[in-house]
Structures are given as C-alpha cells and as structure tokens.
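It should be emphasised that the depicted structure is a prediction, and the values quoted were computed from it without experimental measurement.
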Amino acid sequence: MPTLYHMPIAICAQKVRVCLAEKGVVWDGQDVTEKLRSPEYLKLNPAGYVPTLVHEGEVVTESRVISEYIDETFDGPTLQSSDAYRRSVMRRWTKQIDETFHPFIFILSFVGLFRERILQLPEEAQRKSMPLDPLKADRMANMLKDGWNSPYLVMALRRFEKLACDMEAALDTSTWLAGDDYSLADADYTPYLQRMEDLGLEWLWASRPALKDWYDRVRSRPSFAAVVSDWIAPEARQAVAAQSREIGPRFQQALVAAQ
C-alpha cells in the first residue's frame, strides 16, 4: 500500500489526493503538518514540502510527477490519453501549474488567508514558517511586510484572470481540459478552482459558462471530497467561507484599480 505524506490544506497534496481517488487506490496517509521540518521528514524530502509518496520502498516527490506515477502504476481508469497529442495538451496545462499558478495561488492565499495569523506569531516562529527556498522566502517576507500593497498581488490576480479566460476558451470546444476525456489536467486544476473559491474569486468565472459548468461537474465527482471535505472540519470550512466573502471584493477592487 502506498503512503502519502501530506497536509490537509496543501494544494499540491490535494491534487494528488484527487488523483488517488480517481484511480480508486487504497493508501495510507501521514499528516506532516507539524513535522514538515523534522529530520525524519527531511530525509524523505529534503526540500521540506508536501506531498511525498512512498511505494514499495521508493520515494516519489513533486506532485505532478507523483500523479503521473500513480496513473501509470495502479489499476483504474486511465488519466492520460493514449493519443500523443492529447497527452501534450494535458501536459501543457499541468506544466503551467508549476511555472506560475502554484507560486501565484500561494501569493493570494498568503495575503488573503494566512498573513494576519503569521503576524501574530513570535518572531522566531515567523522565521521558521519561511520556505526553505531563498526566492520564495524573499517573496513571503515582502508580502508579510506589505500585505495588500505588495506588487506581487496584482501580478497574481492578472495571471488568474488570464487562466479563467484560457479555461473558458478550451472548455468551449471540448468537454474536459485536454479533450473529451477526464485527465490529470482536470484533476490538477480541481483544487486550484476550489482555492480560488475559498479566496472569493468566483467572480472570475461568473460570466464564463463553460468554466462554470466544468467546475460544477468536477465538484459532482466523488473525488472532489479528497480536496477538502474528507480532511478539513466543517467549522473550519465555514470560517474560510466567511473570510472569502470579505477578501473576494478586496481582490476584485485591487485588480480594477491596477487596470
């Protein structure tokens, strides 16, 4: 049985959990929220992030790589097309996550949801919360200091506005992101749309019917429970929903003001 080292709220872990659910894989979960910087975990993943998959003694890291490994290793419905072109379309979508969407969703999540909480911590605890990557740590330090005035905020909002536009165009001509079959692209973007909703960004697809329909369909799949509801208490979800109603308009105002 594979073991997934993960955190309930970590978006990269969420997309791997969706993949596992779609494949019907039985797995053991190890929540490392309190152990992310522990020597034991750093032996498995020296970068100090989640998720990490251990299967038959082998360690697999990087969420995109883990999802492809799961699809190619375990029985269940295939999540990668047998057609080379369709696989290339799928990989164009998943590649963008690593290049821009994950760093930018971190920016919006940090400013909107986590910054105030971290500011209340003692200085030493704030220091320990910084990413090990020096570039990410520098960006987080800027956002910790400047908050809603950080220049990274508008950069992220503009990129997600383009994402909504690109998804609408793709889904206007095909059922799923990489064609007529559900794929790893759809699994990977599911938790990103959920996080965008948590940030009050539903206005980005309010006038985009194809994207809205896609999001309704992925939410109706049994695998959607692997994103948050299987792992995060209802009261915590209610708190996030209340916060999203406050920060969503602030994000919208920041984007309009920058145009």
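Side chains of Gln120 and Arg115: no donor on one and acceptor on the other come within 3.5 Å. Ser109 and Arg195 are linked by a side-chain donor-acceptor pair at a separation below 3.5 angstrom, with hydrogens and angles left out of the test.
Inter-residue side-chain proximity for Phe160 and Leu199 is flagged as unmet; no heavy-atom pair is nearer than 4.5 Å. Contact of the Arg217 side chain with the Asp213 side chain is registered, since non-hydrogen atoms from C-beta on lie closer than 4.5 Å. The shortest side-chain heavy-atom distance between Ile70 and Val16 falls under the 4.5 Å cut-off. Put simply, the side chain of Phe104 reaches to within 4.5 Å of the side chain of Met155, judged on heavy atoms. Side-chain atoms of Val25 and Met1, non-hydrogen and from C-beta on, never get closer than 4.5 Å to each other. Under the 4.5 Å side-chain criterion, counting only non-hydrogen atoms from C-beta, Pro209 is in contact with Glu168. Proximity of Leu108 to Met196: side-chain heavy atoms (C-beta onward) are nowhere separated by under 4.5 Å. Put simply, the side chain of Leu193 does not reach to within 4.5 Å of the side chain of Glu197, judged on heavy atoms.
Take Pro8 and apply the side-chain contact (heavy atoms from CB on, under 4.5 Å) test, not counting sequence neighbours, and it matches Asp31, Thr33, Trp231, Ile232. With sequence neighbours left out, Ser223 forms a side-chain contact (heavy atoms from CB on, under 4.5 Å) with Val18, Ala21, Glu22, Tyr182, Arg221. Remark: Ala258 pairs with Val154, Arg158 by the side-chain contact (heavy atoms from CB on, under 4.5 Å) rule, at least two apart or across chains. Residues that satisfy the side-chain contact (heavy atoms from CB on, under 4.5 Å) test with Arg91, not counting sequence neighbours, are Glu68, Gln80, Arg87, Thr94.
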Applying side chain to side chain contact (heavy atoms under 4.5 Å, CB included) to Asp198 and Arg237, what does each step give before you reach the verdict? CA-CA 9 Å; Asp198 287 344; Arg237 295 292 305 143; 3.0 Å; yes
Could you walk me through whether Leu177 and Met90 satisfy the side chain to side chain contact (heavy atoms under 4.5 Å, CB included) test, starting with their C-alpha distance in whole Å, then the side-chain angles of each, then the deciding distance to 0.1 Å, before giving a yes or no? CA-CA 7 Å; Leu177 286 174; Met90 178 203 79; over 6 Å; no
Give the intermediate values and the outcome of side chain to side chain contact (heavy atoms under 4.5 Å, CB included) for residues Ile97 and Tyr189. CA-CA 8 Å; Ile97 289 177; Tyr189 277 86; 3.7 Å; yes
Does Lys145 form a side chain to side chain contact (heavy atoms under 4.5 Å, CB included) with Met140? I'd like the steps, not just the answer. CA-CA 9 Å; Lys145 179 173 74 73; Met140 182 170 162; over 6 Å; no
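In terms of heavy-atom proximity, Leu144 sits nearest to Phe110 at CD1-CZ, 3.6 Å. Of all heavy-atom pairs between Arg86 and Gly179, the closest is NH1-CA, 4.1 Å. Contact between Asp186 and Asp181 at its shortest, heavy atoms only, is OD2-O, 4.1 Å. Between Trp203 and Gly248 the shortest heavy-atom distance is NE1-O, 3.5 Å. The two residues Ser150 and Met143 have their closest heavy-atom pair at OG-CG, 3.7 Å. In plain terms, the two heavy atoms of Thr3 and Gln30 that are nearest each other are CG2-CG, 3.7 Å.
Within 6.0 Å of atom CG in Asp28, more than 12 heavy atoms from other residues, nucleotides or ligands are found, so the atom counts as buried in its surroundings. Residue Glu58 qualifies as open at atom CD: its count of foreign heavy atoms under 6.0 Å is 12 or below. Residue-environment remark: CD (Glu99) exceeds the threshold of 12 foreign heavy atoms within 6.0 Å.
We find the OG-CZ distance between Ser229 and Phe224 to be 7.5 Å, quoted to the nearest 0.5 Å. Considering CG of Leu201 and CG of Leu157, their distance stands at 6.5 Å, rounded to 0.5 Å. Atom CZ of Arg17 is separated from atom SG of Cys12 by 11.0 Å, given to the nearest 0.5 angstrom. Expressed to the nearest 0.5 Å, how far OG1 of Thr52 lies from CG of Leu4 amounts to 8.0 Å. In this structure, CZ in Phe114 is found 8.0 Å from CD1 in Ile118, a value given to the nearest 0.5 Å. Atom CH2 of Trp205 and atom SG of Cys165 lie 15.0 Å apart (nearest 0.5 Å).
Cluster membership for Ile9 and Val240, using ILVMFWY side-chain heavy atoms within less than 4.5 angstrom, is not shared. Under the 4.5 Å side-chain heavy-atom criterion for grouping Ile, Leu, Val, Met, Phe, Trp and Tyr, Val256 is not connected to Leu204 through any hydrophobic cluster.
If you chain together ILVMFWY residues whose side-chain heavy atoms come under 4.5 Å of each other, Tyr41 ends up grouped with Tyr5, Met7, Val32, Leu36, Leu44, Val50, Val54, Val59.
In terms of modelled atom types and a separation under 3.5 Å, the side chain of Lys212 and the main chain of Ser207 share no donor-acceptor contact. Between the side chain of Lys23 and the backbone N or O of Phe74 there is at least one donor-acceptor pair closer than 3.5 Å.
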Pairs under 3.5 angstrom only: tabulate donor-acceptor contacts from the side chains of residues 60-67 to other protein residues two or more places apart or in another chain.
from	atom 1	to	atom 2	distance (Å)
Glu62	OE2	Tyr49	OH	2.4
Ser63	OG	Lys15	NZ	3.2
Arg64	NE	Asp98	OD2	2.8
Arg64	NH2	Asp98	OD2	3.0
Ser67	OG	Ser63	O	3.3

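In this pair, Trp148 and Phe251 present their aromatic rings tilted. The plane angle is within the 30 to 60° band. Using cut-offs of 30° and 60° for the angle between ring planes, the His6 and Trp27 rings count as perpendicular.
Under the 6.0 Å distance and 45° angle rule, Arg219 does not count as a cation-pi partner of Trp214.
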